[in-house]
Amino acid sequence: MSRRNLYGLMAEFDSPEEVLEAATRTREAGYRRVDAFTPIPVEGLADAIGFHWTALPVITFIGGFLGGCLGFFMCWYANVISFPLDIGGKPLNSWPAWIPITFELTILGGAIATVVGMLALNGLPNPYHPVFNVDRFELSTTDKFFLCIKSRDKNFDLGRTKTFLEELKPHGVFEVED
Amino acid sequence: MTPIETSRTFNRVRNQGYLWGLIGGALFVIFGVLGGARSGFAGWQALFHSYLFAYLYWFCIPSGCLAVLMLHHLTGGRWGYPLRRILEAGSRSLWLMAILFIPVLIGMRDIFAWARPAAVAADPILQQKQWWLNSPGFIARAVIYFIALLLLVAFLNKWSRAQDDSGDLKYKGKMTALSAPGVILWAFIVTSASVDWVMSLEPHWFSTIYGMLWIVIEVLAGMSFAVFVLRMLSEREPIKDAVDPLRFNDLGNLMLTFLMLWAYLSFDQLLIVWAGNLKDEIPWYSQRAFGSWTPVAVILVILHFFVPFFLLLQRNIKRRPRRLSAVALLLVVLTLVDVYWIVVPAWERTVPQVHWLDLFALVGIGGLWLGTFMGQLKKLPLLPLHDPRFEGVLEPEHGD
């Protein structure tokens with residue numbers, strides 16, 4: 001197997017504590033392209049692999065903001081430009097009445113942006129992923145905990161990374177084919 | 001910080017509170033009475049108006065503390081554990097507010113048009129409303145409100161202390177059982193009191209959402225105040241071990257909820273009045289929102305809603321106690337502006353002004369109240385003991 005089509009190296013652990021410890025040490029060793037796979041949520045693991053921040057809140061905010069602008073504009077355009085109508089002597093731009101629509105479209109815009117942004121960021125739906133080339137990876141849905149260092153990492157070196165992972169005392173270390 | 005240093009700090013804040021309370025109160029009485037002696041009715045009116053405004057603001061915090069306390073007894077949750085003794089101390093300071101209500105009763109005729117027989121005789125609408133808006137009824141209702149509130153406070157605090165002493169589980173059940181009817185009773189009291197004490201300042205005007213609005217103003221003020229105090233204590237024993245960024249995140253989320261409810265109710269009232277466009281209802285807003293008071297309304301929309309709203313959306317604000325407590329302080333201060341905007345236009349018809357007497361009354365009542373609050377806070381350990389809901393709170397947690 002040539003280095004070019006290696007996705008990364010994967011280590012298997014027996015408990016959440018072990019994988020958390022291993023993830024922390026991996027990050028301390030300078031690896032950044034790291035992913036972890038566990039059957040249950042492990043508190044602190046996301047931080048340990050350096051998953052601090054996503055762009056999703058920003059995307060949601062932009063979606064909500066645009067939705068709100070659209071809502072207000074729609075009401076304003078319909079009532080002031082397209083079909084001006086004097087209702088009870090109120091001004092044509094009767095803005096308090098536009099707020100519910102503005103609010104609703106803010107929520108709608110935010111929700112759509114969140115779903116689409118989430119799918120765009122996490123790459124779902126994804127019919128093929130290299131980690132499934134490891135036979136034992138199926139156990140990540142039952143009782144085993146996996147940590148994967150990707151070959152894209154600038155510190156990745158097949159020999160040295162493998163030695164490093166073995167020092168973490170895993171259940172086993174596997175090469176993941178791309 | 002050791003407990004002894006903490007206790008000294010409490011004593012210092014309490015004494016300073018009382019000192020400022022006495023200074024503010026003395027200035028208020030001296031200048032108020034001089035004004036009354038010099039300009040007669042108008043002077044007395046100014047005195048009692050300022051007093052009512054300051055009283056209503058400071059009433060919000062202890063009353064809100066009681067509501068949040070009962071809410072926590074009903075819902076449980078780890079967020080209430082470090083907060084509970086602060087809320088209880090806040091609720092116990094209501095006895096002071098009961099005493100401080102007496103001047104409002106004394107000045108009733110100066111404050112409320114419906115309490116002046118001459119004004120009622122000249123106004124058919126006031127005559128129609130006499131069955132509710134009359135002096136004996138007003139006094140009787142105020143007595144009932146405070147008896148009911150103080151009974152709730154007394155039982156909740158007695159059982160909480162008994163639980164500390166005995167560790168008996170039955171007290172937790174009792175507090176929960178009382179809080180269910182208690183929170184409903186509290187909502188009725190605040191609704192009715194807001195009609196009596198504030199809405200009737202403009203007796204021709206009415207709004208059915210008004211009580212809800214005061215409920216959420218008080219809850220938001222009580223919650224924000226408690227969070228602010230909690231942050232001050234969070235570096236001291238024993239609170240230090242009971243709070244972590246996730247607890248502050250929970251508290252920030254609750255503040256965000258109450259803040260959005262405040263915005264929703266405040267705007268709803270405007271929307272309904274705007275849509276209805278009836279001449280009985282619009283004067284309230286034509287003065288406050290579309291007249292000389294517009295700048296205050298704009299300040300409220302920006303600083304009481306948009307700024308704290310966007311700050312409280314962010315985890316890196318909610319999870320850092322200092323930042324969260326800055327937002328809490330902002331909300332406590334802006335509640336004053338909100339109360340000012342709701343109450344004072346009832347008599348300050350032209351432009352927004354702050355009278356000297358307003359400041360004296362705010363400092364006077366505020367100082368007395370803060371002193372009382374600190375005195376109550378130091379009476380009991382800062383963390384409740386033996387509550388089954390809080391077993392294990394001091395352990396590191398997993399899974400959330």
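Here the structure is a predicted model, which is why all the values come from computation and not from measurement. Proteins get letters first, then strands, A, B, ... in listed order; numbering begins at 1 in each.
For B/M212, the CE atom sits in a loose shell: 12 or fewer heavy atoms of surrounding residues, nucleotides or ligands are nearer than 6.0 Å. Few gaps surround CZ on A/R32; more than 12 heavy atoms of other groups in view lie less than 6.0 Å from it. For CD of A/E138, the number of neighbouring non-hydrogen atoms (other residues, nucleotides, ligands) closer than 6.0 Å is 12 at most. Within 6.0 Å of CZ in A/R27 there are more than 12 heavy atoms belonging to other residues, nucleotides or ligands.
Shown here for B/F267 and A/P96, the closest heavy-atom pair between the two residues is CZ-O, 3.2 Å. Nearest heavy-atom pair, B/L271 versus A/P100, reported as atom, atom and distance to 0.1 Å: CD2-CG, 3.7 Å.
Side chain of B/N277 to backbone of A/K90: no donor-acceptor contact under 3.5 angstrom is found.
The aromatic rings of A/F61 and B/F310 lie perpendicular to each other, with more than 60° between the two planes, well past the 30° mark.
Contact annotation: the side chain of B/Y264 never approaches that of A/F103 to less than 4.5 Å [non-hydrogen atoms, C-beta and beyond].
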